[in-house]
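Counting starts at 1 for both ligands and their atoms, in listed order. Computation of the quantities below employed the complete heavy-atom set of this structure, encompassing side-chain atoms and omitting hydrogens, waters and symmetry-equivalent molecules.
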Amino acid sequence: MKHIVIQGGTDGMGRATGLACLERGDAVTVVGRDEGKGKSFLSAAAELGVQERASFIRADLSLISENERVITEVKNAYPAVDALVLCARHYLSRRRETAEGHEATFALFYLSRYLLCHGLRDLLEKAEQPVILNVAGPGSPVGEIHWDDLEFTRGYDGLVAQMQAGKANDLLGAAFADKHAADRTRYVLINPGSVSTSFSGEYDAATQRHIDMMKRVAKPVAAGIVPIVEALYAPPAEPLSALVEGRPMSVRDKSFDLHDARRLDECTRELLSR
Ligand SMILES: NC(=O)c1ccc[n+]([C@@H]2O[C@H](COP(=O)([O-])OP(=O)(O)OC[C@H]3O[C@@H](n4cnc5c(N)ncnc54)[C@H](OP(=O)(O)O)[C@@H]3O)[C@@H](O)[C@H]2O)c1
């Protein structure tokens, strides 16, 4: 039986992936902020008759301290983690700082993933065929790292912040796979395409109209999770891979530039050590 941890597993593709894994006979821990959504996941597990294999950790993952608590709880509960699925995001049209003083999009969509990947690495290494599935935006033609102002103290824009975090996740994958190339854990970046989910976020009126339209035309969640579940049960052989709507893309693309990846890794370690 695999043990799977899903960051942002209380809604959208994270939740659906969790239920699919429970149906296959595995154990799933979902992490999210919302108590009601967490209970709803546990009820769905009970309806499947597998409640003993489902668990929920309530946490606000935009906080570094909460990621550290989650890592400790998972380490105390399980001897190994077979798959870490990264799905948490929350769009913010207006800039917000967390109680720890970090810009919230950067903190949730990038820092949380950095902390969980590195913090759970030793548990992943204890599994037979471990994999990290970072569901974000590889292959996107837009987005760049704002090296001089990663947390947008000047000129915040919700879309620009989200797109930067997508690029940061590409570089996180590249740096992780480079640093741990000899390890067993495979790192897979997945862009599922447009999928009609909850689109967690706080939107200005114009963005909300766009989101409402996306929800109508995007593919259903059941279709969106197909490449996630496939990669979870049959991880690619290479230390780093990227999939766009199920199709492999080259990790020689500049999105995964090793120089930038090492630079961002160093900036992140410096930022976390403050
Ligand atoms: N949907 C798409 O079209 C699309 C396209 C490309 C890439 N993606 C990527 O796919 C992944 C999953 O997206 P989705 O659309 O399925 O997600 P979603 O329906 O918007 O759900 C987001 C998840 O993140 C959790 N979350 C939000 N803020 C959190 C916080 N501060 N702490 C902990 N958990 C938090 C939510 O749980 P709570 O509400 O319980 O906190 C929820 O489980 C994301 O990384 C997204 O960038 C999605």
Side-chain angles (χ1 to χ4, degrees), residues 5-20 28-42 56-67 69-70 84-92 96-100 102-113 115-116 132-140 142-143 158-159 161-170 172-173 188-203 210-229 231 242-246:
V5 176
I6 308 184
Q7 179 234 37
T10 52
D11 213 332
M13 286 179 272
R15 182 183 199 274
T17 300
L19 293 176
V28 177
T29 298
V30 295
V31 189
R33 284 165 311 177
D34 190 292
E35 186 79 38
K37 289 185 192 176
K39 284 187 176 156
S40 157
F41 178 80
L42 297 178
F56 164 56
I57 302 176
R58 184 181 184 184
D60 177 352
L61 295 171
S62 66
L63 295 170
I64 293 166
S65 53
E66 286 282 86
N67 284 278
R69 176 174 65 81
V70 168
L84 170 64
V85 185
L86 301 165
C87 278
R89 62 99 184 255
H90 186 81
Y91 188 97
L92 289 170
R96 183 185 299 160
E97 281 191 6
T98 68
E100 294 172 340
H102 291 290
E103 187 274 300
T105 300
F106 183 74
L108 177 66
F109 201 0
Y110 170 65
L111 281 184
S112 167
R113 296 180 186 215
L115 289 163
L116 294 176
I132 296 173
L133 302 170
N134 187 336
V135 187
S140 168
V142 287
L159 187 61
Q162 174 145 298
M163 290 301 166
Q164 168 180 267
K167 290 292 166 205
N169 278 303
D170 289 349
L172 165 60
V188 188
L189 286 146
I190 298 184
N191 181 342
S194 290
V195 184
S196 187
T197 64
S198 74
F199 287 101
S200 179
E202 293 156 58
Y203 302 98
H210 177 70
I211 292 297
D212 292 343
M213 183 272 294
M214 288 263 289
K215 281 188 184 178
R216 285 194 297 276
V217 302
K219 68 180 109 167
V221 170
I225 66 165
V226 169
I228 303 174
V229 174
L243 300 171
V244 181
E245 297 195 66

(request) If you have a sec, work out which protein heavy atom is nearest atom 39 (O) of ligand 1 and how many Å separate them, to one decimal? (result) Lys37 NZ, 2.8 Å

(request) Check whether any N or O atom of Val135, backbone or side chain, sits under 3.5 Å from an N or O atom of ligand 1, and answer yes or no. (result) yes

(request) Decide if the gap between the ring center of Tyr91 and the ring center of Tyr203 is smaller than 6.0 angstrom. (result) yes

(request) Mark up the atoms of ligand 1 that fall under 4.0 Å of a heavy atom belonging to Asp34, in ascending order. (result) 38 (P), 40 (O), 41 (O)

(message) Counting only heavy atoms closer than 4.0 Å, does ligand 1 sit against the backbone of Ala218, its side chain, both, or neither?
(response) neither

(request) May I ask whether Gly193 has any heavy atom positioned less than 4.0 angstrom from an atom of ligand 1? (result) yes

(request) Could you see which bit of Arg89 sits under 4.0 Å from ligand 1, with heavy atoms only: side chain, backbone, both or neither? (result) both

(request) State, yes or no, whether a side-chain contact exists between Arg89 and Phe199 at a heavy-atom distance under 4.5 Å. (result) yes

(request) Indicate, as side chain, backbone, both or neither, the part of Ser196 found under 4.0 angstrom from ligand 1 when only non-hydrogen atoms are considered. (result) neither

(request) Would you mind listing which atoms of ligand 1 come within a distance below 4.0 Å of any non-hydrogen atom of Ser194? (result) 3 (O)

(message) Regarding ligand 1, does Arg113 bring an N or O atom to under 3.5 Å of one of the ligand's N or O atoms?
(response) yes

(request) Could you check if a side-chain atom of Thr197 sits within less than 4.5 angstrom of a side-chain atom of Asp11, using non-hydrogen atoms only? (result) no

(request) Can you pull out the closest protein heavy atom to atom 37 (O) of ligand 1? Residue, atom name and distance to 0.1 Å, please. (result) Thr10 OG1, 2.8 Å

(message) Any nitrogen or oxygen of Val195 lying under 3.5 Å from a nitrogen or oxygen in ligand 1? Just yes or no.
(response) yes

(request) Return the residue, atom name and 0.1 Å-rounded distance of the protein heavy atom closest to atom 29 (C) of ligand 1. (result) Arg33 NE, 3.4 Å

(request) For the residue pair Ile64 and His102, establish whether any side-chain heavy-atom pair is separated by less than 4.5 Å. (result) yes

(message) Quick check on contacts: which atoms of ligand 1 are under 4.0 angstrom from a heavy atom of Leu61?
(response) 30 (C), 31 (N), 32 (N), 33 (C)

(request) Assess Ala59 for proximity to ligand 1: is some non-hydrogen atom of it under 4.0 Å away? (result) yes

(request) Please confirm whether the backbone N or O of Ala88 pairs with a side-chain atom of Gln7, one donor and one acceptor, at under 3.5 Å? (result) yes

(message) Using the ring pair (Phe, Tyr, Trp, His ring centres under 6.0 Å) criterion, which residues pair with Phe41? Sequence neighbours excluded.
(response) none

(message) Only heavy atoms of His90, strictly under 4.0 Å: list the atoms of ligand 1 that pass.
(response) 27 (C), 28 (N)

(request) Could you say whether the N/O atoms of Asp60 and ligand 1 ever approach to under 3.5 Å? (result) yes

(message) For ligand 1 and Met13, I'd like to know whether there is a polar contact (N/O to N/O, distance under 3.5 Å).
(response) yes

(request) Show which atoms of ligand 1 fall inside a sub-4.0 Å distance from at least one heavy-atom site of Phe109. (result) 45 (O), 47 (O)

(message) Quick check: do Ser194 and Val217 have side-chain heavy atoms less than 4.5 Å from each other?
(response) no

(request) Considering the heavy atoms of Ser200, write down every atom of ligand 1 situated less than 4.0 Å from one of them. (result) 20 (O), 22 (C), 27 (C)

(request) Looking only at protein heavy atoms, identify the closest one to atom 15 (O) of ligand 1 and say how far it is in Å. (result) Thr197 OG1, 2.5 Å

(request) Verify the distance criterion only: is there a donor paired with an acceptor across the side chains of Ser40 and Arg15 at less than 3.5 Å? (result) yes

(request) Could you find the nearest protein heavy atom to atom 34 (N) of ligand 1 and give me its residue, atom name and distance? (result) Gly32 CA, 3.7 Å

(request) Report yes if some N/O of Gly8 lies less than 3.5 Å from some N/O of ligand 1; otherwise report no. (result) yes

(request) Give the residue, atom name and distance (to 0.1 Å) of the protein heavy atom nearest atom 12 (C) of ligand 1. (result) Cys87 O, 3.3 Å

(message) Less than 4.5 Å apart, side chain to side chain, heavy atoms only: is that true for Phe56 and Lys37?
(response) no

(message) Could you check whether any side-chain N or O of Arg33 sits under 3.5 Å from a backbone N or O of Ala59, counting only pairs where one atom can act as donor and the other as acceptor?
(response) no

(message) Donor-acceptor pair, distance only, cut-off 3.5 Å: does the side chain of Arg113 make one with the backbone of Asn134?
(response) no

(request) Could you tell me whether the side chain of Glu103 and the main chain of Glu97 form a donor-acceptor pair under 3.5 Å? (result) no

(message) As an exercise, identify every atom of ligand 1 less than 4.0 angstrom from a heavy atom of Ser198.
(response) 18 (P), 19 (O), 20 (O), 21 (O)

(request) Do me a favour and list the nearest non-hydrogen protein atom to atom 7 (C) of ligand 1 with residue, atom name and distance? (result) Ala136 O, 3.1 Å

(message) Donor-acceptor pair, distance only, cut-off 3.5 Å: does the side chain of Asn169 make one with the backbone of Gly137?
(response) no

(message) For a quick test of reading the model, state the closest non-hydrogen atom pair linking Pro138 to Asn191 and the distance between them.
(response) O-ND2, 3.2 Å

(message) For a 4.5 angstrom cut-off between non-hydrogen side-chain atoms, does Arg69 reach Ile57?
(response) yes

(message) Within the 4.0 Å heavy-atom shell around Asp11, which atoms of ligand 1 are there?
(response) 21 (O), 42 (C), 43 (O)

